[in-house]
Protein chains: 2
Amino acid sequence: MNVKQEPGSPAREPRRRAGRPRSVVLDRELIAQAALKLVTTGGYASLTMSGVAKSLSVSPSALYNHVESKQELMQWIQEIVMDGVDSTVFETLPLAEALMAWAVTYRDVLAGHAPLIPLIAVLPVSGSPHTLEMYEKVAAGFARAGWESAQIVPAIVAIESFIFGSALDVTAPLDIFDPGPNAGKIPKFESALAAQRASGQPSADAAFNTGLRAIVGGLVGSGDRRH
Amino acid sequence: MNVKQEPGSPAREPRRRAGRPRSVVLDRELIAQAALKLVTTGGYASLTMSGVAKSLSVSPSALYNHVESKQELMQWIQEIVMDGVDSTVFETLPLAEALMAWAVTYRDVLAGHAPLIPLIAVLPVSGSPHTLEMYEKVAAGFARAGWESAQIVPAIVAIESFIFGSALDVTAPLDIFDPGPNAGKIPKFESALAAQRASGQPSADAAFNTGLRAIVGGLVGSGDRRH
DNA sequence: ACCTGAACACCGTTCAAGT
DNA sequence: ACCTGAACACCGTTCAAGT
């Protein structure tokens with residue numbers, strides 16, 4: 001999935017005079033990596049143009065020679081993040097299993113980047129060749145399983161919607177459903193909550209497993225979508 | 001669903017001397033409504049403390065006598081928005097149909113408030129009695145259908161995750177999947193896309209219908225979750 | 001008790017000036 | 001071509017001062 005740097009092209013480093021502390025020669029790759037490191041270290045609240053500039057020992061305005069806006073910078077991050085989704089499974093597994101394996105890596109990858117989710121949900125894929133390749137593999141998986149053409153995109157988007165929502169859910173506090181001062185007024189929900197808690201599994205994980213099985217089963221299980 | 005103002009309590013207006021233009025007497029209700037109107041008119045980009053203050057003819061700092069932060073103000077909006085979700089259907093319809101009707105109103109209500117979604121996904125429900133009541137009705141619907149206690153919360157959260165993701169999806173541009181310069185390189189996906197487009201239905205709607213049927217069918221259809 | 005106005009500590013972004 | 005430093009137009013929030 002990850003595209004490695006080709007060892008054939010030596011990526012010639014611009015030589016730097018020694019002895020003098022100097023600022024880095026900026027480019028897209030460098031800025032994107034610095035931004036990603038910042039996010040990984042301090043979360044999205046720490047992702048500021050100033051912060052990125054500082055981590056590169058450069059003035060904030062210097063960044064604008066290479067990136068149009070913070071929004072574009074976030075799209076660069078999004079591409080790197082999406083690169084972590086494994087869609088090779090569609091080449092080796094039957095559709096239902098492939099979808100489940102794909103969804104698991106997809107959710108895990110997004111869970112650490114929740115602020116990107118509203119962006120990804122809305123971002124045209126045209127700018128991200130790798131994301132398009134992912135869709136190609138997923139679509140090919142559906143086609144190979146005999147799906148009717150017109151049903152494929154809705155099915156993909158449906159599962160993706162579930163994945164996005166589930167990834168948001170991962171970031172919720174464990175006690176999100178605690179009724180607080182309203183305890184006792186909502187008996188049915190409280191007993192359901194207590195029973196779920198007794199299982200020991202975080203509700204986000206239980207929900208993801210339950211929902212994934214349900215939606216994939218509901219989509220792939222019934223045969224009325226084949227032509 | 002909406003809690004009406006009780007006509008018994010006359011909500012005595014503080015009398016205002018006539019002739020002099022004066023600023024409003026602030027309270028939570030007034031601020032929340034002003035904020036909601038601002039959002040409805042100009043979207044979430046226009047929701048600023050200054051903007052709310054201006055619409056109330058008051059200085060921005062005055063708001064902080066009534067609300068702790070912009071975050072809290074957004075929670076007030078969230079409560080009003082969630083009040084639009086119809087969960088009475090669980091009292092009248094069989095579980096599967098109730099879930100689908102509930103999901104439809106839920107997604108429609110959220111679609112106009114996408115920036116709230118990451119907030120709602122993470123917000124403890126304890127602060128919002130109405131939301132808790134919603135969960136009680138949904139849980140009661142599952143219980144009435146004979147569901148095992150421990151399975152109910154995961155099922156609810158799973159459907160909610162799908163709804164959240166689908167609501168985000170509504171705000172995506174219609175041509176989000178346009179391959180742009182990569183046209184031709186992803187044949188399987190492109191033909192699936194063309195076939196879907198030919199149906200005339202926006203892909204977000206098609207995906208929501210497809211996915212909702214699948215997840216509800218996958219959850220409620222198979223009988224192995226009853227005790 | 002509650003409002004004003006000034007101030008603070010930030011944002012993202014632009015732009016003339018330098019090299 | 002690309003970086004710096006100053007500046008701009010905002011943010012949310014705090015706080016002394018007034019009534």
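Residue numbers begin at 1 in each chain, while the letters A, B, ... track the order of the sequences. Not measured: the values here are computed from a predicted model.
Nearest-nucleotide assignment on DNA chain C puts the 5′-proximal partner with B:A62, out of A:M49 and B:A62. In this structure, B:H66 and A:E68 both approach DNA chain C, and ranking their closest nucleotides by distance from the 5' end singles out B:H66.
Crowding of A:K188 atom NZ: a count of heavy atoms from other residues, nucleotides or ligands under 6.0 Å not exceeding 12.
Atom CG in B:N65 sits roughly 7 Å away from atom P in C:dC2 (whole-Å rounding). Look at CG on B:L63: it is 19 Å from P on C:dA1, rounded to the nearest Å. If you take CG of B:L30 and P of C:dC2, they are 13 Å apart, rounded to a whole angstrom. We find that CD of A:Q71 is positioned 14 Å from C1' of C:dT13, with the value rounded to whole Å. Distance, B:L73 CG to D:dC11 C1': 15 Å, rounded to whole Å. The interatomic distance linking B:L26 (CG) with C:dC3 (P) rounds to 5 Å, in whole Å. In this structure, A:L56 places its CG atom 14 Å from C1' of D:dC2, rounding to the nearest Å.
If you check C:dG5 for Watson-Crick or wobble pairing at under 3.5 angstrom, you find it paired to D:dC15. D:dC10 makes up no base pair with any nucleotide shown, lacking Watson-Crick or G-U wobble contacts both under 3.5 Å.
For B:S61, whose side chain is taken as the heavy atoms from C-beta onward, the closest listed nucleotide among C:dC3, D:dG5, D:dT14 is D:dT14. Listed nucleotides: D:dG12, C:dT13, D:dT4. Nearest to the side chain of A:S69: C:dT13. Closest to the B:S59 side chain, of the nucleotides C:dG5, C:dT13, D:dC3, is C:dG5. The A:Y64 side chain lies nearest to C:dT13 when the options are C:dG5, D:dC11, C:dT13.
Between A:F177 and A:F189, the ring centre distance stays below 6.0 Å.
Across all strands shown, A:T48 has heavy atoms under 4.0 Å from sugar-phosphate atoms exclusively, and none from any base. Within the 4.0 angstrom heavy-atom criterion, only backbone atoms of the sugar-phosphate kind lie near A:L47; the bases stay farther away.
Side chains of B:N182 and A:E133: a donor-acceptor N/O pair is absent below 3.5 angstrom, by distance only.
For the side-chain contact (heavy atoms from CB on, under 4.5 Å) with A:L116, the lone residue among A:V39, A:L123, A:V81 that qualifies is A:V81.
A salt bridge is defined here as a Lys NZ or Arg NE, NH1 or NH2 lying under 4.0 Å from an Asp or Glu carboxylate O, and A:D205 with A:R107 meets this definition.
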